[in-house]
Undergrad: 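Attaching a single structure in C-alpha coordinates format; questions to follow.
In this text the structure is predicted, and so the values were computed from the model without any measurement.
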Amino acid sequence: MIDVYSWATPNGHKVHIMLEECGLAYRAHPVNIGAGDQFKPEFLSISPNNKIPAIVDPDGPDGEPISMFESGAILLYLAGKTGRFLPGTVRGRYEVLEWLMFQMGGVGPMLGQAHHFRIYAPEKLPYAIDRYTNEAKRLYGVMDKRLAKSKYIAGNEYTIADIAIFPWLRSWKNQGIDWADYPHLKGWFDEIAARPAVQRGVEVLANLRKPLVDSQARDVLFGAQQYQRR
(Lines give C-alpha, C1' and ligand atoms only; values in the text may rest on other atoms or scores of the structure.)
Protein backbone atom coordinates (compact mmCIF):
# COMPACT_ATOMS: atom_id res chain seq x y z
CA MET A 1 0.00 0.00 0.00
CA ILE A 2 1.34 3.39 -1.00
CA ASP A 3 1.46 6.14 1.62
CA VAL A 4 0.46 9.55 0.24
CA TYR A 5 1.33 12.69 2.18
CA SER A 6 -0.88 15.36 0.74
CA TRP A 7 -3.57 18.03 1.01
CA ALA A 8 -6.63 18.91 -1.06
CA THR A 9 -4.93 21.23 -3.55
CA PRO A 10 -4.46 20.92 -7.33
CA ASN A 11 -1.04 19.33 -6.91
CA GLY A 12 -2.43 16.90 -4.36
CA HIS A 13 -5.44 16.13 -6.53
CA LYS A 14 -3.19 15.13 -9.43
CA VAL A 15 -1.72 12.27 -7.44
CA HIS A 16 -5.01 11.30 -5.77
CA ILE A 17 -6.66 11.04 -9.20
CA MET A 18 -3.79 9.01 -10.63
CA LEU A 19 -3.93 6.54 -7.75
CA GLU A 20 -7.68 6.17 -8.18
CA GLU A 21 -7.40 5.79 -11.96
CA CYS A 22 -4.74 3.09 -11.56
CA GLY A 23 -6.68 1.26 -8.85
CA LEU A 24 -3.67 1.29 -6.52
CA ALA A 25 -4.12 0.76 -2.80
CA TYR A 26 -3.04 3.80 -0.80
CA ARG A 27 -3.35 5.59 2.51
CA ALA A 28 -3.76 9.37 2.49
CA HIS A 29 -1.97 11.21 5.30
CA PRO A 30 -3.05 14.85 5.65
CA VAL A 31 -0.32 17.50 5.57
CA ASN A 32 -2.14 20.62 6.69
CA ILE A 33 -0.23 23.33 4.84
CA GLY A 34 -2.15 26.08 6.63
CA ALA A 35 -0.95 24.75 9.98
CA GLY A 36 2.67 24.35 8.84
CA ASP A 37 2.78 20.53 8.69
CA GLN A 38 4.89 20.81 5.53
CA PHE A 39 7.79 22.17 7.59
CA LYS A 40 7.95 19.26 10.02
CA PRO A 41 11.20 17.25 9.88
CA GLU A 42 9.44 13.99 9.14
CA PHE A 43 7.80 15.47 6.05
CA LEU A 44 10.96 17.26 4.94
CA SER A 45 12.74 13.90 5.02
CA ILE A 46 10.67 12.80 2.01
CA SER A 47 9.86 16.21 0.51
CA PRO A 48 12.91 18.47 0.95
CA ASN A 49 11.20 21.33 -0.93
CA ASN A 50 8.48 21.37 1.78
CA LYS A 51 5.71 21.01 -0.83
CA ILE A 52 2.91 18.48 -1.05
CA PRO A 53 2.38 15.83 -2.29
CA ALA A 54 4.94 13.14 -1.55
CA ILE A 55 4.59 9.37 -1.56
CA VAL A 56 6.33 6.38 -0.05
CA ASP A 57 5.96 3.14 -1.98
CA PRO A 58 7.15 0.07 -0.03
CA ASP A 59 7.39 -1.82 -3.31
CA GLY A 60 9.81 0.31 -5.30
CA PRO A 61 11.47 -0.50 -8.64
CA ASP A 62 14.09 -2.76 -7.02
CA GLY A 63 11.74 -4.27 -4.48
CA GLU A 64 12.86 -1.77 -1.86
CA PRO A 65 10.87 1.22 -0.53
CA ILE A 66 11.10 4.46 -2.49
CA SER A 67 9.97 7.96 -1.60
CA MET A 68 9.05 10.53 -4.22
CA PHE A 69 8.27 14.24 -4.16
CA GLU A 70 7.10 16.65 -6.91
CA SER A 71 3.70 15.82 -8.36
CA GLY A 72 4.90 15.52 -11.97
CA ALA A 73 7.62 13.06 -10.98
CA ILE A 74 5.09 11.06 -8.98
CA LEU A 75 2.74 10.85 -11.97
CA LEU A 76 5.60 9.55 -14.12
CA TYR A 77 6.58 7.06 -11.45
CA LEU A 78 3.06 5.71 -11.08
CA ALA A 79 2.62 5.54 -14.86
CA GLY A 80 5.83 3.52 -15.07
CA LYS A 81 4.83 1.28 -12.19
CA THR A 82 1.44 0.43 -13.66
CA GLY A 83 2.04 0.81 -17.39
CA ARG A 84 -0.96 3.12 -17.62
CA PHE A 85 -1.68 6.63 -18.91
CA LEU A 86 1.65 7.01 -20.70
CA PRO A 87 1.92 5.81 -24.32
CA GLY A 88 4.16 2.91 -25.19
CA THR A 89 5.63 4.57 -28.26
CA VAL A 90 8.61 6.89 -27.99
CA ARG A 91 6.85 9.62 -29.98
CA GLY A 92 3.70 9.30 -27.88
CA ARG A 93 5.64 9.50 -24.61
CA TYR A 94 7.42 12.67 -25.66
CA GLU A 95 4.14 14.27 -26.67
CA VAL A 96 2.75 13.55 -23.22
CA LEU A 97 5.93 14.79 -21.56
CA GLU A 98 5.86 18.14 -23.35
CA TRP A 99 2.29 18.79 -22.16
CA LEU A 100 3.15 17.57 -18.67
CA MET A 101 6.02 20.08 -18.63
CA PHE A 102 3.59 22.72 -19.94
CA GLN A 103 1.52 22.11 -16.82
CA MET A 104 4.45 22.03 -14.43
CA GLY A 105 6.16 25.12 -15.81
CA GLY A 106 3.16 27.18 -16.94
CA VAL A 107 -0.34 26.15 -15.96
CA GLY A 108 0.40 25.44 -12.29
CA PRO A 109 2.65 28.39 -11.43
CA MET A 110 0.81 30.99 -13.50
CA LEU A 111 -2.72 30.01 -12.52
CA GLY A 112 -1.52 29.83 -8.93
CA GLN A 113 -0.27 33.40 -9.18
CA ALA A 114 -3.53 34.53 -10.75
CA HIS A 115 -5.43 32.91 -7.91
CA HIS A 116 -3.14 34.46 -5.31
CA PHE A 117 -3.26 38.04 -6.52
CA ARG A 118 -6.97 37.96 -7.32
CA ILE A 119 -8.13 36.25 -4.12
CA TYR A 120 -5.52 36.05 -1.36
CA ALA A 121 -3.13 39.00 -1.66
CA PRO A 122 -3.70 41.46 1.20
CA GLU A 123 -3.24 44.36 -1.21
CA LYS A 124 -5.08 44.36 -4.53
CA LEU A 125 -2.38 45.29 -7.02
CA PRO A 126 -3.90 46.07 -10.44
CA TYR A 127 -0.62 45.39 -12.27
CA ALA A 128 -0.24 41.91 -10.73
CA ILE A 129 -3.92 41.06 -11.16
CA ASP A 130 -3.89 42.10 -14.82
CA ARG A 131 -0.58 40.36 -15.54
CA TYR A 132 -1.56 36.96 -14.16
CA THR A 133 -5.19 37.09 -15.26
CA ASN A 134 -4.03 37.79 -18.81
CA GLU A 135 -1.52 34.98 -18.61
CA ALA A 136 -4.24 32.64 -17.34
CA LYS A 137 -6.39 33.57 -20.32
CA ARG A 138 -3.46 33.01 -22.67
CA LEU A 139 -2.83 29.53 -21.25
CA TYR A 140 -6.52 28.64 -21.46
CA GLY A 141 -6.38 29.78 -25.09
CA VAL A 142 -3.40 27.52 -25.81
CA MET A 143 -5.27 24.54 -24.41
CA ASP A 144 -8.51 25.43 -26.17
CA LYS A 145 -6.70 25.62 -29.52
CA ARG A 146 -5.02 22.28 -28.85
CA LEU A 147 -8.30 20.59 -27.97
CA ALA A 148 -9.96 21.93 -31.11
CA LYS A 149 -7.94 19.30 -33.00
CA SER A 150 -7.10 16.71 -30.33
CA LYS A 151 -9.45 14.60 -28.21
CA TYR A 152 -7.18 14.87 -25.17
CA ILE A 153 -4.35 17.22 -24.26
CA ALA A 154 -1.57 14.99 -25.59
CA GLY A 155 -3.39 13.14 -28.36
CA ASN A 156 -6.18 10.63 -28.70
CA GLU A 157 -5.55 8.92 -25.36
CA TYR A 158 -6.28 10.05 -21.82
CA THR A 159 -2.90 10.40 -20.12
CA ILE A 160 -1.06 11.86 -17.17
CA ALA A 161 -1.04 15.18 -19.06
CA ASP A 162 -4.81 15.39 -18.67
CA ILE A 163 -4.58 14.27 -15.05
CA ALA A 164 -1.97 16.95 -14.32
CA ILE A 165 -3.86 19.83 -15.92
CA PHE A 166 -7.45 19.15 -14.88
CA PRO A 167 -7.25 20.03 -11.16
CA TRP A 168 -5.79 23.46 -11.92
CA LEU A 169 -8.82 24.42 -13.99
CA ARG A 170 -11.36 23.64 -11.27
CA SER A 171 -10.84 27.19 -9.89
CA TRP A 172 -11.49 28.82 -13.25
CA LYS A 173 -13.79 31.46 -11.79
CA ASN A 174 -11.14 32.65 -9.32
CA GLN A 175 -8.69 32.91 -12.22
CA GLY A 176 -10.93 35.35 -14.09
CA ILE A 177 -11.99 32.88 -16.76
CA ASP A 178 -15.27 32.81 -18.71
CA TRP A 179 -15.81 29.29 -20.07
CA ALA A 180 -17.74 30.71 -23.02
CA ASP A 181 -14.41 31.86 -24.44
CA TYR A 182 -12.96 28.33 -24.45
CA PRO A 183 -15.59 25.88 -25.75
CA HIS A 184 -13.20 23.06 -26.70
CA LEU A 185 -11.44 23.20 -23.35
CA LYS A 186 -14.79 23.31 -21.54
CA GLY A 187 -15.93 20.14 -23.32
CA TRP A 188 -12.72 18.38 -22.31
CA PHE A 189 -13.05 19.65 -18.73
CA ASP A 190 -16.60 18.34 -18.40
CA GLU A 191 -15.61 14.94 -19.78
CA ILE A 192 -12.69 14.60 -17.33
CA ALA A 193 -14.81 15.82 -14.42
CA ALA A 194 -17.36 13.07 -15.11
CA ARG A 195 -14.83 10.25 -14.72
CA PRO A 196 -15.58 8.30 -11.52
CA ALA A 197 -11.90 8.04 -10.52
CA VAL A 198 -11.51 11.80 -10.94
CA GLN A 199 -14.56 12.42 -8.79
CA ARG A 200 -13.12 10.17 -6.08
CA GLY A 201 -9.68 11.74 -6.35
CA VAL A 202 -10.78 15.32 -5.81
CA GLU A 203 -12.65 14.30 -2.66
CA VAL A 204 -9.55 12.85 -0.96
CA LEU A 205 -8.86 14.96 2.16
CA ALA A 206 -11.30 17.60 0.86
CA ASN A 207 -13.36 17.48 4.05
CA LEU A 208 -10.31 18.64 6.04
CA ARG A 209 -9.58 21.76 4.01
CA LYS A 210 -11.15 24.95 5.34
CA PRO A 211 -11.42 28.42 3.78
CA LEU A 212 -8.29 30.48 4.34
CA VAL A 213 -9.52 33.14 6.73
CA ASP A 214 -7.17 33.27 9.74
CA SER A 215 -4.00 35.37 9.78
CA GLN A 216 -1.83 32.57 11.16
CA ALA A 217 -2.57 30.30 8.18
CA ARG A 218 -1.95 33.19 5.80
CA ASP A 219 1.42 33.81 7.43
CA VAL A 220 2.35 30.13 7.14
CA LEU A 221 1.43 30.01 3.46
CA PHE A 222 2.46 33.47 2.29
CA GLY A 223 4.55 35.09 5.01
CA ALA A 224 8.11 34.93 6.29
CA GLN A 225 7.77 31.39 7.64
CA GLN A 226 7.54 30.10 4.07
CA TYR A 227 11.02 31.39 3.28
CA GLN A 228 12.98 30.25 6.30
CA ARG A 229 15.96 28.07 5.52
CA ARG A 230 15.52 24.54 6.83
Undergrad: How long is the span from the CG atom in N174 to the CG atom in L111, to the nearest 0.5 Å?
TA: 11.5 Å
Undergrad: Rounded to the nearest 0.5 Å, how far apart are CG of L169 and CG of L185?
TA: 5.5 Å
Undergrad: Testing I74, L78, L24 for side chain to side chain contact (heavy atoms under 4.5 Å, CB included) with M18, which one passes?
TA: L78
Undergrad: Please say whether more than 12 non-hydrogen atoms of neighbouring residues, nucleotides or ligands are located less than 6.0 Å from CZ in R91.
TA: no
Undergrad: What distance do R93 atom CZ and L100 atom CG have between them, rounded to the nearest 0.5 Å?
TA: 14.0 Å
Undergrad: Grab the two heavy atoms, one from S47 and one from A54, that are nearest each other, plus how far apart they are.
TA: CB-CB, 4.0 Å
Undergrad: Can you pull out every side chain to side chain donor-acceptor pair (under 3.5 Å) where at least one residue sits in residues 188-206? Sequence neighbours excluded, please.
TA: E20-R200, E21-R195, Y152-E191, D162-W188, K186-D190
Undergrad: Within the 4.5 Å heavy-atom criterion, are Q38 and W7 side-chain neighbours or not?
TA: no
Undergrad: Can you give me the closest heavy-atom contact between P30 and L208, atom names plus distance?
TA: CB-CD1, 3.7 Å
Undergrad: Do you know the tightest heavy-atom contact between H16 and S6?
TA: NE2-OG, 2.7 Å
Undergrad: Quick one: does N49's side chain have a donor or acceptor within less than 3.5 Å of a partner on K51's backbone?
TA: no
Undergrad: For the residue pair F117 and Y132, does the interplanar ring angle fall in the parallel (under 30°), tilted (30 to 60°) or perpendicular (over 60°) class?
TA: parallel
Undergrad: Are M1 and V4 connected in a single hydrophobic cluster, I mean Ile/Leu/Val/Met/Phe/Trp/Tyr linked by side-chain heavy atoms less than 4.5 Å apart?
TA: no
Undergrad: With a 4.5 Å heavy-atom cut-off, do R131 and Q113 have their side chains touching?
TA: no
Undergrad: Cluster question for you: counting only ILVMFWY and a side-chain heavy-atom cut-off of under 4.5 Å, with indirect links fine, are Y26 and I55 together?
TA: yes
Undergrad: Do T159 and L86 make a side-chain contact, defined as non-hydrogen atoms from C-beta onward lying under 4.5 Å apart?
TA: no
Undergrad: As an exercise, state the distance from CE of M101 to OH of Y94, rounded to the nearest 0.5 Å.
TA: 11.5 Å
Undergrad: So, taking the atom named CE in M143 and the one named CZ in F102, what distance separates them when rounded to the nearest 0.5 Å?
TA: 5.0 Å
Undergrad: Can you find a heavy atom in the side chain of W172 that is under 4.5 Å from one in the side chain of Y140?
TA: yes
Undergrad: From S150 OG over to E95 CD, what is the distance, rounded to the nearest 0.5 angstrom?
TA: 7.0 Å
Undergrad: Taking the six-membered ring for Trp, are the ring centroids of W179 and F189 within less than 6.0 Å of each other?
TA: yes
Undergrad: Taking only residues at least two apart or on different chains, which pairs with a member in residues 78-88 satisfy side chain to side chain donor-acceptor pair (under 3.5 Å)?
TA: D57-K81
Undergrad: With the 4.5 Å side-chain cut-off for hydrophobic clustering, are M110 and Y127 part of the same group?
TA: no
Undergrad: Would a 4.5 Å heavy-atom cut-off, applied to side chains only, mark H13 and R170 as touching?
TA: yes
Undergrad: Under the side chain to side chain contact (heavy atoms under 4.5 Å, CB included) test against N50, which residue among L44, V31, I33 passes?
TA: L44
Undergrad: Parallel, tilted or perpendicular, judged at 30° and 60°: which one describes the rings of Y120 and H115?
TA: parallel
Undergrad: Compare every heavy atom of A154 with every heavy atom of A161, then report the nearest pair and how far apart it is.
TA: CB-CB, 4.2 Å
Undergrad: Give a yes or no on this: more than 12 heavy atoms of other residues, nucleotides or ligands lie within 6.0 Å of atom NZ of K124.
TA: yes
Undergrad: If only side-chain N and O atoms count, and only distance matters, is there a donor-acceptor pair under 3.5 Å linking N11 with K14?
TA: yes
Undergrad: Is there a continuous path of hydrophobic side-chain contacts, each under 4.5 Å between heavy atoms, that joins V15 to V56?
TA: yes
Undergrad: Give the minimum heavy-atom separation between H29 and L205, together with the two atoms involved.
TA: O-CD1, 4.4 Å
Undergrad: Quickly, which of I160, V96, L76 forms a side chain to side chain contact (heavy atoms under 4.5 Å, CB included) with F85? Name it, please.
TA: I160
Undergrad: When clusters are formed by joining ILVMFWY residues with side-chain heavy atoms under 4.5 Å apart, either directly or through shared neighbours, do V107 and V198 land in the same one?
TA: yes
Undergrad: Please find the pair of heavy atoms, one from D59 and one from G63, that lie closest to each other, and give the distance.
TA: OD1-CA, 4.1 Å
Undergrad: Would you say that I66 contacts Y77 through its side chain, given a criterion of any heavy-atom pair below 4.5 Å between the two side chains?
TA: yes
Undergrad: Taking Y5 as the fixed residue, which of D37, I52, I46 is the one that meets the side chain to side chain contact (heavy atoms under 4.5 Å, CB included) rule?
TA: I46
